[in-house]
Amino acid sequence: MPIISVTPASIQGEKVCSECQLNCKHKHDIKDDQTILVDSEHQTSEQKRTTSLVSRKEDDFWVDISDRRLRNSCLGALYGGSQFKGVQKCGTTQYEVLVDIQHIDLKESKISGYLNIKGLTSEFPELTTFFEGEIIGPQYSFLTRKWQAQQSIDASHWGKFPSFEPYINTFNNDDFVYDPLDNDFVYMRWKEHFLVPDHRVNSIDGASFAGFYYICYQRSTNQIKGYYFYFSNAEWYQQLVLEHVEERSFGNFEFR
């Protein structure tokens with residue numbers, strides 16, 4: 001709502017200013033024994049803070065719409081809008097893969113996005129699935145405890161990453177907590193949920209998204225490596241190798 005300035009109905013002469021106690025040149029509108037100061041020099045800071053953006057003058061304070069700030073939602077090259085491009089290796093065959101990160105919540109240790117793969121089946125030459133991920137840390141441990149992944153499965157898949165070697169004998173301890181914010185390597189689990197755009201499709205001949213990926217992202221190189229696990233899959237340890245796609249824009253921003 002814009003600020004409406006006060007126009008004196010009648011000026012009854014100069015008066016000693018109650019603010020400066022001097023015979024000043026400030027004009028006063030006297031009504032019912034109340035003096036209304038119209039000169040902008042005597043506006044209080046509280047009045048200035050309520051100035052609207054529409055009627056803001058050059059010497060007024062900015063209006064602070066909210067004192068709540070956005071939480072950090074960036075972990076290296078992991079942020080909303082980021083892309084990773086590479087391949088998934090299945091035996092001697094390679095398939096082109098593009099990953100679009102849509103959202104990351106460090107407080108909840110969650111990440112989500114789309115995974116696009118080309119040439120996997122003749123019926124669907126290009127497939128896109130929506131996935132959600134768990135970031136290993138205070139919220140989620142290295143032990144999966146679901147999706148048919150037992151401790152031995154976890155150990156064999158995490159053990160594929162050379163960076164995991166220091167934790168191979170302690171990752172299943174109850175008091176072991178990994179800190180993804182203070183390490184070069186960020187470990188995750190990515191679980192595909194449904195096909196995009198038709199979420200009703202839950203099975204495709206020659207392809208499966210019933211399993212999940214063990215993921216390791218290295219911040220210093222911006223490279224992602226992963227291994228796909230599905231208990232009923234004939235070939236385990238299908239490898240995912242992705243590189244970050246450089247861009248000339250910000251991952252996120254806020255208006256203040």
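Side-chain atoms are counted along with the backbone in the values below, which use heavy atoms only and exclude waters and symmetry mates. All residue numbers refer to positions in the sequence shown, counting from 1.
Under the side-chain hydrogen bond (donor to acceptor under 3.5 Å, both in side chains) criterion, Glu126 pairs with Asn116, not counting sequence neighbours. With sequence neighbours excluded, no residue forms a side-chain hydrogen bond (donor to acceptor under 3.5 Å, both in side chains) with Gln148. For Gln139, the side-chain hydrogen bond (donor to acceptor under 3.5 Å, both in side chains) test picks out no residue, with sequence neighbours left out. Scored by the salt bridge (Lys or Arg N to Asp or Glu O under 4.0 Å) test, Glu134 finds Lys146, Arg189 as partners (sequence neighbours excluded). Every side-chain hydrogen bond (donor to acceptor under 3.5 Å, both in side chains) that Tyr213 has, sequence neighbours left out, goes to Gln88. Every ring-ring contact (aromatic ring centres under 6.0 Å, His included) that Tyr114 has, sequence neighbours left out, goes to Phe130.
Note that the OH atom of Tyr140 and the CD1 atom of Ile135 stand 9.5 Å from one another [nearest 0.5 Å]. Distance check, rounded to the nearest 0.5 Å: CG of Leu242 to OH of Tyr217 gives 12.0 Å. To the nearest 0.5 Å, atom NE2 of residue His244 and atom CD1 of residue Ile224 are 9.0 Å apart. We find the CD1-CD1 distance between Ile215 and Ile111 to be 9.5 Å, quoted to the nearest 0.5 Å. In this structure, OG1 in Thr128 is found 8.0 Å from CG in Leu115, a value given to the nearest 0.5 Å. Note that CZ of Phe229 and CZ of Phe212 are 6.0 Å apart. Values are rounded to the nearest 0.5 Å.
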The test is side-chain contact (heavy atoms from CB on, under 4.5 Å); show your working for Gln223 and Val241 and say whether it passes. CA-CA 8 Å; Gln223 185 182 66; Val241 181; 4.2 Å; yes
List the steps, then state whether side-chain contact (heavy atoms from CB on, under 4.5 Å) holds for Tyr228 with Glu192. CA-CA 11 Å; Tyr228 187 76; Glu192 296 170 288; 4.0 Å; yes
Would Val97 and Val87 count as a side-chain contact (heavy atoms from CB on, under 4.5 Å) here? Give the steps. CA-CA 5 Å; Val97 173; Val87 295; 5.7 Å; no
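Under the 4.5 Å side-chain heavy-atom criterion for Ile, Leu, Val, Met, Phe, Trp and Tyr, Ile168 and Ile136 are members of the same hydrophobic cluster. Following chains of ILVMFWY side-chain contacts shorter than 4.5 Å, one cannot reach Leu98 starting from Trp190, and the two form parts of different hydrophobic clusters. Phe231 is connected to Leu143 through a chain of hydrophobic side-chain contacts under 4.5 Å among Ile, Leu, Val, Met, Phe, Trp and Tyr, so both are in one cluster.
Among Phe185, Phe142, Tyr227, the one residue that satisfies the ring pair (Phe, Tyr, Trp, His ring centres under 6.0 Å) test with Phe161 is Tyr227. For the side chain to side chain donor-acceptor pair (under 3.5 Å) with Glu132, the qualifying choice from His193, Lys191, His103, Gln102 is His193, the only one to do so.
Listed for the Ser82 side chain is a donor-acceptor partner under 3.5 Å among the backbone atoms of Ala77. At distances below 3.5 Å, at least one donor-acceptor pair connects side-chain atoms of Asp105 with backbone N or O atoms of Glu108.
Applying the salt bridge (charged side-chain N to carboxylate O under 4.0 Å, His left out) definition to pairs two or more places apart or across chains, none involves residues 167-184. Counting only residues at least two apart or in different chains, side chain to side chain donor-acceptor pair (under 3.5 Å) contacts with residues 90-101 comprise Gln83-Asp100. Listed by first then second residue, pairs satisfying side chain to side chain donor-acceptor pair (under 3.5 Å) with a partner in residues 152-167 read Thr144-Asp154, Asp154-Tyr214, Ser156-Tyr237, Ser163-Tyr187, not counting sequence neighbours.
Gly76 approaches Cys74 most closely through the heavy-atom pair O-SG, 3.2 Å. Residue Thr170 comes nearest to Phe176 through the heavy atom pair O-CB, 3.4 Å, listed as atom of the first residue, atom of the second, then distance.
Heavy-atom neighbours of Lys225 NZ from other residues, nucleotides or ligands within 6.0 Å: at or below the threshold of 12.
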